Amino acid sequence: MTRTRFFLAAAVALASGNVALAAPLSVTVDGIEARGGTLYVGVQTEAEFMTNGGIAGEIVATPAAGAQSFTFDLPEGAYAVSVWHDFNANGTFDMSAEGMPADGWAMINGEALRGPPVFSDSSLAVPESGASVTLNVIYPE
């Protein structure tokens, strides 16, 4: 196939909608407590993991108790998803004197963490057909 035919075929496929440009990631955040503040939901690539950056995200002011769902259209790939409930609205992820989170938080496999998170343990593959994940917010006692 010549280059011209290849590019023409690719353009027709894109125009017809037969080629997926984004893979949907559905995220359900469960166990949100009505504590005020701000809820941050972030999606990160490996290069962005555990930084202030991300490929997608949502910010919810004064989140209601219960569950909330979000959908992000992403390129196929591996992504970490994390949640931070800054219920005292100070803009800082607070830690206790013992080094434990003092804000509400969630991430993939977060319940199993026994040390700092690692991308390979805190991520999921999002294929062209999409993926979904449910995260349960963990609050300090």
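Just so it is clear, the values below take in all heavy atoms, side chains as well, and ignore hydrogens, waters and symmetry mates. Count residues from 1 along the sequence. All values reported here derive from a predicted model rather than from experimental measurement.
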| Heavy-atom side-chain proximity of M100 to P140 below 4.5 angstrom | no
| said: Donor-acceptor check, side chain of D86 to backbone of G91, threshold 3.5 angstrom: yes or no? | reply: yes
| request: Mind listing the closest non-hydrogen atom pair of A125 and P127 along with its distance? | output: O-CD, 3.4 Å
| remark: Between G36 and P63 the two heavy atoms that sit nearest each other are O-CD, 3.8 Å
| request: Could you grab the distance from atom CG of D121 to atom CD1 of I108, nearest 0.5 Å is fine? | output: 11.0 Å
| Under 4.5 Å between side-chain heavy atoms, hopping through other hydrophobics if needed: is there a path connecting L113 to I138? | yes
| task | Mind checking the OH-OG spacing from Y40 to S82? Nearest 0.5 Å is all I need. | result | 12.5 Å
| request: Check T71, T134, V83, V133 against V27 for a side chain to side chain contact (heavy atoms under 4.5 Å, CB included) and give me the one that passes. | output: V133
| message | Testing the basics here: between Y139 and E33, what is the closest heavy-atom pair and its distance to 0.1 Å? | response | OH-N, 2.9 Å
| field | Heavy-atom side-chain proximity of N109 to S122 below 4.5 angstrom | value | no
| said: Show, in sequence, the C-alpha distance, side-chain angles and deciding distance for F70 and V60, and conclude whether the side chain to side chain contact (heavy atoms under 4.5 Å, CB included) test is met. | reply: CA-CA 11 Å; F70 307 89; V60 180; 3.9 Å; yes
| task | Answer with yes or no whether the hydrophobic clustering places W84 together with V41; edges join I, L, V, M, F, W, Y residues whose side-chain heavy atoms lie under 4.5 Å apart. | result | no
| query | What distance do I55 atom CD1 and L74 atom CG have between them, rounded to the nearest 0.5 Å? | reply | 5.5 Å
| What class does the angle between the rings of H85 and F87 fall in, given that below 30° is parallel, 30 to 60° is tilted and above 60° is perpendicular? | perpendicular
| query | Is the count of non-hydrogen atoms from other residues, nucleotides or ligands lying under 6.0 Å from N90 atom CG greater than 12? | reply | yes
| field | Cluster overlap L135 with L25, hydrophobic side-chain contacts below 4.5 Å | value | yes
| remark: One should read off an interatomic distance between N88 CG and D103 CG, to the nearest 0.5 angstrom, of 5.5 Å
| request: Mind listing the closest non-hydrogen atom pair of V126 and P24 along with its distance? | output: CG1-O, 4.1 Å
| said: For residues F93 and V137: do they belong to one hydrophobic cluster (side chain heavy atoms under 4.5 Å, members Ile, Leu, Val, Met, Phe, Trp, Tyr)? | reply: no
| task | Treating Ile, Leu, Val, Met, Phe, Trp and Tyr as nodes and any side-chain heavy-atom pair under 4.5 angstrom as an edge, say whether L124 and F72 lie in one connected cluster. | result | yes
| task | Give the minimum heavy-atom separation between Q44 and E48, together with the two atoms involved. | result | NE2-O, 3.2 Å
| said: If I take atom OH from residue Y79 and atom OG1 from residue T45, how far apart are they, to the nearest 0.5 angstrom? | reply: 7.5 Å
